[in-house]
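Throughout, numbering of the chain's residues begins at 1 and tracks the sequence.
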Amino acid sequence: MRPAPTILHLDMDAFYASAEQAAKPSLRGKAVVVGGLGPRGVVATASYEARRLGVHSAMPTAQARRLAPNAAYLVPRFSLYRTVSDQVMELLGRLSPLVEPLSLDEAFVDLEAGGTADDSASARATGEGLRAAIRAVTGLSGSVGLAGSKMLAKIASEEAKPDGLLVIEPGTERELLAPMSVRILPGVGPATGDHLRRAGMTTVHDLAEAGEAELVRLVGKAHGHGLFRMALGLDDRPVVAERDAKSVSVEDTFDVDLHDRVRVRAEVERLAVRCVERLRAADRSGRTVVLKVRRYDFSTLTRSETLRGPTDDPTVVREAAGRLLESVDTTGGVRLLGVGVTGLADYTQEDLFAQAADARELAQRALEHHAPTAEGGEEGAVPEAEADSAEQLAARRWPAGHDVHHEEHGHGWVQGSGIGRVTVRFEEPWSAPGRVLTFRIDDPQLRPADPLPLVRESPDYSSWPASLPKSRSSGAGSSEGGESSP
């Protein structure tokens, strides 16, 4: 534990949904749900307006639609989210060399290592400056927690949501934690929480009062020891700048179970190409290819093959995934497929026996299973019962919420598609709510487009945070037990 609250935790507020609201003026102040829109889709993020209606992340989209039938349901735009995340992480990197990203929208920062804070006053000033910088550069809000440990900083940011800042002063940890639910502590999920509840422990105070020996008896030595330390507010974990990924993977859940073996094979090839694209984007290679298959009865099978050396060749990964598929029985139907690569390395070992193929060619090959041939037949044809309908193909080409450009009307986004039509609202992040027009799905003037920046003219933060005030007067500007500023 540190004597000053110089560990910062940033958590962007309802990140995906907030980014969509910032990009779409007509959705500001309205319920927005981002996630999978099919029958088996799951909510990734819900705006605070949707959360007030009971919608939350990891909820089935079908259930969300029942709770919030009038919400806007959008397909994620990860290219936009990654761009905004890069802007936020660049600002964090100006505060300290020790930045530990946890996801696109969340990170720890060691302010002491960066010399940007050494006491409560300077930590608070840095946190407020960061929030202002994020809003100016991205147009979005983030909540900040400051404390003497990572655990408490993360708890503080959660308590500060939305769009707030909370400082937990060293020495006030136990008082602050005592009335909180045991679920606030890292590693206490639904099962452990229920087990502790049956033992009469529902608050952090209950855990501290029970003692380490009782917790070890209830949940085991390793977990019990750690749980008792956390209940006392003790956490010595450092902020780690480099968090090496252990694997790269992609997976898809299908709206309707796949039964045709040709279709299953085509989907595995498509996933292999996507997996390699992510691998290359991270400048990594991998040695072990993993195939994941979830069948109609929810049973999940995994198969893996270790190669002679690390590779980022799409042909090698595709063929390995295909060989793994041969050992899996898919006759009952497949609801999910995934392809991953583990054993990551920073170099690639050339495989002289691999065919030289471009990733785009492989992607095209996978798509050809749906494309008609010159003779009017279909190469790699899928039985009619398994083939995607025109509406499904339209939904893939024009996903709800994604960007489009019309030669006459300019930039817009897809509100929905169906019955051979696509409906578009034409507006930009800095415009007023725009008008809605409907086109044929094959309109030659309409095409997919890249997302626009959320802020038209981003301010220059090249000298930030040099102007932030620093203070060495211990405790100056802080209040007992912490203070939240909305």
Side-chain angles (χ1 to χ4, degrees), residues 2 4-19 21-22 44-45 47-48 57 80-118 120-169 176 184 186 235 237-243 454-455 458-459 461 464-465 467-468 470 478 482-486:
R2 296 186 177 185
T6 55
I7 292 182
L8 180 148
H9 180 259
L10 170 72
D11 196 354
M12 300 295 289
D13 299 321
F15 182 47
Y16 297 171
S18 294
Q21 289 177 317
T45 307
S47 70
Y48 286 99
S57 59
L80 170 65
Y81 310 149
R82 290 191 186 97
T83 297
V84 177
S85 176
D86 288 344
Q87 292 176 311
V88 172
M89 296 301 166
E90 197 275 335
L91 290 173
L92 297 183
R94 291 181 174 275
L95 295 177
S96 173
L98 293 183
V99 177
E100 183 177 336
L102 303 178
S103 62
L104 289 176
D105 62 335
E106 184 180 2
F108 287 110
V109 184
D110 187 334
L111 301 180
E112 186 178 293
T116 48
D118 51 28
S120 296
S122 55
R124 181 182 295 278
T126 300
E128 292 290 10
L130 173 64
R131 291 176 60 226
I134 289 173
R135 186 176 290 279
V137 171
T138 70
L140 305 180
S141 67
S143 295
V144 168
L146 291 153
S149 70
K150 290 168 69 173
M151 178 189 76
L152 290 166
K154 184 173 175 61
I155 290 174
S157 68
E158 186 64 31
E159 291 295 302
K161 281 184 168 292
D163 193 18
L165 179 148
L166 178 65
V167 176
I168 299 179
E169 296 289 352
L176 178 79
I184 198 74
D235 177 22
R237 293 174 299 158
V239 176
V240 181
E242 297 295 332
R243 291 171 56 90
L454 300 183
V455 176
S458 184
Y461 270 79
W464 187 82
S467 59
L468 284 173
K470 293 184 175 64
S478 65
E483 177 182 327
S484 178
S485 56

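- For the atom pair NE2 of His9 and CG of Leu152, the computed distance is 12.0 Å after rounding to the nearest 0.5 Å.
- Judged by distance alone, the side chain of Thr126 and the main-chain N or O of Thr116 form a donor-acceptor pair under 3.5 Å.
- Between Ser143 and Asp11, the side chains place no donor N or O within less than 3.5 Å of an acceptor N or O (distance only, hydrogens not considered).
- Between the side chain of Arg131 and the backbone N or O of Asp163 there is at least one donor-acceptor pair closer than 3.5 Å.
- Nearest heavy-atom pair across Lys150 and Pro238 is NZ-O, 3.1 Å.
- The shortest heavy-atom contact between Ser141 and Met12 is O-CE, 3.7 Å.
- In the model, Asp110 has no side-chain atom that pairs as donor or acceptor with a side-chain atom of Ser96 under 3.5 Å.
- In this structure a side-chain-to-backbone donor-acceptor pair under 3.5 Å is missing from Ser18 to Leu140.
- Just one of Val144, Leu146, Leu8, Val239 meets the side chain to side chain contact (heavy atoms under 4.5 Å, CB included) condition when paired with Val109; it is Leu8.
- Here the CG atom belonging to Leu92 is positioned 6.0 Å from the CD1 atom belonging to Ile134, to the nearest 0.5 angstrom.
- Taking CG of Leu130 as the reference point, atom CG of Leu111 lies at 9.0 Å (rounded to 0.5 Å).
- In terms of heavy-atom proximity, Ala153 sits nearest to Ala147 at N-CB, 3.5 Å.
- Note that the OG atom of Ser157 and the CZ atom of Phe108 stand 7.5 Å from one another [nearest 0.5 Å].
- For the pair Lys154 and Glu106, the minimum side-chain heavy-atom distance is below 4.5 Å.
- Leu95 and Pro465 make their closest contact through CD2-CG, 3.7 Å (heavy atoms, listed as atom of the first residue, atom of the second, distance).
- Ion pairing of Glu90 with Arg94 is present here, as a side-chain N (NZ or NE/NH1/NH2) and a carboxylate O approach within less than 4.0 Å.
- Across Ser122 and Ala117, no two heavy atoms sit closer than the pair OG-CA, 3.4 Å.
- For the pair Lys161 and Tyr48, the minimum side-chain heavy-atom distance is below 4.5 Å.
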Please test Leu91 against Gln87 for side-chain contact (heavy atoms from CB on, under 4.5 Å), starting from the C-alpha separation and ending with a verdict. CA-CA 7 Å; Leu91 290 173; Gln87 292 176 311; over 6 Å; no
Would you check, one step at a time, whether the test side-chain contact (heavy atoms from CB on, under 4.5 Å) holds for Met151 with Arg237? CA-CA 9 Å; Met151 178 189 76; Arg237 293 174 299 158; 3.9 Å; yes
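- Using a 4.5 Å cut-off on side-chain heavy atoms (C-beta onward), Leu454 and Leu80 make contact.
- Nearest heavy atom pair, residue Leu165 against residue Ala160, reads N-CB, 3.7 Å.
- With sequence neighbours excluded, the residues satisfying side chain to side chain contact (heavy atoms under 4.5 Å, CB included) with Ala44 are Tyr16.
- Looking at Glu100, its side chain does come within 3.5 Å of a backbone N or O of Val240 through a donor-acceptor pair.
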